[in-house]
Amino acid sequence: VAFFENYAIENADYITTPSKFLYEKCINYGKKVSYISHGIDINTNVKSAKLKGKFKIVYTGAQTEYKRVDRIINAVKGLDCDLYLIGEINEKFKKIAPKNVHFLGYIKHKDIGSYIKAADLCIIPADQENLKTHVYAKFGKPILAYKGLIQYFLTHKENAYLTTNFREGIKELINNRKLLQKITKGIKAFPVYTWNEIVDEYLKLLKGVIKNG
């Protein structure tokens, strides 16, 4: 993937990207580039799903080692919380999971918001600038994420909890409600746009690029 990214950057006349990491990379290449955010279209006017537990953690997406889902399963062992996994069930992970991990399987896109709304914490374990950031922020949910590329978007203990040690991060947020409230307030200020708004941004940019050659 890196080869194709570099090839595209080197040979493009103008570049747009939703990645702040790739934006910086393009700048270093001396290329004309614009950052345009992802958009989302998800209904937040939904009822919360009924999830059990004093402290409910929600993860949505692929259940693979690449996404580090095995690490968050191991992280919650013995903790006073419940982890809910939405997505195609990984039977291998299910076998190693403690009782406080719940595999919900595939849920229709229109219904996912109900589960996010019910969460006390949403988690992004992969080292990626993730579209989920925008979805969780739209619901005003605190985020615990892997301390990697997402640092281009979020700031530790300001609008998210960023860590390489998921277990310690979860324990701190369970026990430190003041910090949880602080990052919840911070993520609610994170800018989130609809896809229609993003389309308008692209059209404005493209018209300007064409007009100016």
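Note that these values count all heavy atoms, side chains included, but never hydrogens, waters or copies made by symmetry.
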request  = Test Lys157 against Glu172 for salt bridge (charged side-chain N to carboxylate O under 4.0 Å, His left out), laying out the working first.
outcome  = CA-CA 11 Å; Lys157 293 190 176 182; Glu172 182 168 2; 3.2 Å; yes
key: Spatial distance of atom CD1 (Ile124) from atom CZ (Arg68) [nearest 0.5 Å]   = 12.5 Å
query = Is it the case that more than 12 heavy atoms not belonging to Tyr23 sit under 6.0 Å from its OH atom?
reply = no
inquiry  = So, taking the atom named NZ in Lys117 and the one named CG in Leu51, what distance separates them when rounded to the nearest 0.5 Å?
reply    = 13.5 Å
message = I'd like to know whether CD of Glu5 has more than 12 heavy-atom contacts from other residues, nucleotides or ligands below 6.0 angstrom.
response = yes
key: Approximate separation, where rounding is to 0.5 Å, of Trp195 CH2 and Asp41 CG   = 8.5 Å
ask   = Any side-chain heavy atom of Ile86 sitting closer than 4.5 Å to one from Phe103?
value = no
inquiry  = Students often mix this up, so state it plainly: with edges at 30° and 60°, are the rings of Phe153 and Phe190 parallel, tilted or perpendicular?
reply    = tilted
inquiry  = Is the positively charged end of Lys31 above the ring of Tyr14, judged by distance under 6.0 angstrom from the centroid and angle within 45° of the axis?
reply    = no
ask   = Will you find, in the side chains of Tyr115 and Ser48, an N or O donor that is under 3.5 Å from an N or O acceptor?
value = no
query = What do the steps show when you test Asp82 against Lys56 for salt bridge (charged side-chain N to carboxylate O under 4.0 Å, His left out), and what is the final call?
reply = CA-CA 5 Å; Asp82 286 83; Lys56 300 170 286 293; over 6 Å; no
task = Identify the two heavy atoms, one from Lys32 and one from Asp13, that lie closest to each other, and give their separation to 0.1 Å.
result = CB-O, 4.2 Å
remark   = Here the gap from Leu144 atom CG to Glu168 atom CD, rounded to the nearest 0.5 Å, amounts to 11.5 Å
key: Any Ile187 side-chain heavy atom under 4.5 Å of Leu154 side chain   = yes
ask   = Judged by modelled atom types alone, do Lys77 and Asn100 share a side-chain donor-acceptor pair under 3.5 Å?
value = no
Any side-chain donor near an acceptor of the partner, Glu129 and Tyr152, under 3.5 Å = no
Point-to-point distance, once rounded to the nearest 0.5 Å, from NZ of Lys132 to CD1 of Ile40 = 13.0 Å
ask   = Can you list the residues that meet the side-chain hydrogen bond (donor to acceptor under 3.5 Å, both in side chains) rule with Lys92, with sequence neighbours excluded?
value = Glu65
query = Do you reckon Leu83 sits in the same ILVMFWY cluster as Phe93, going by side-chain contacts under 4.5 Å, direct or chained?
reply = yes
task = Establish, from distance only, whether the side-chain atoms of Thr60 and Tyr136 form a donor-acceptor pair under 3.5 Å.
result = yes
key: Atom NZ of Lys20 with >12 non-hydrogen neighbours under 6.0 angstrom   = yes
query = To the nearest 0.5 Å, what is the distance between CG (Leu149) and CZ (Phe21)?
reply = 6.0 Å
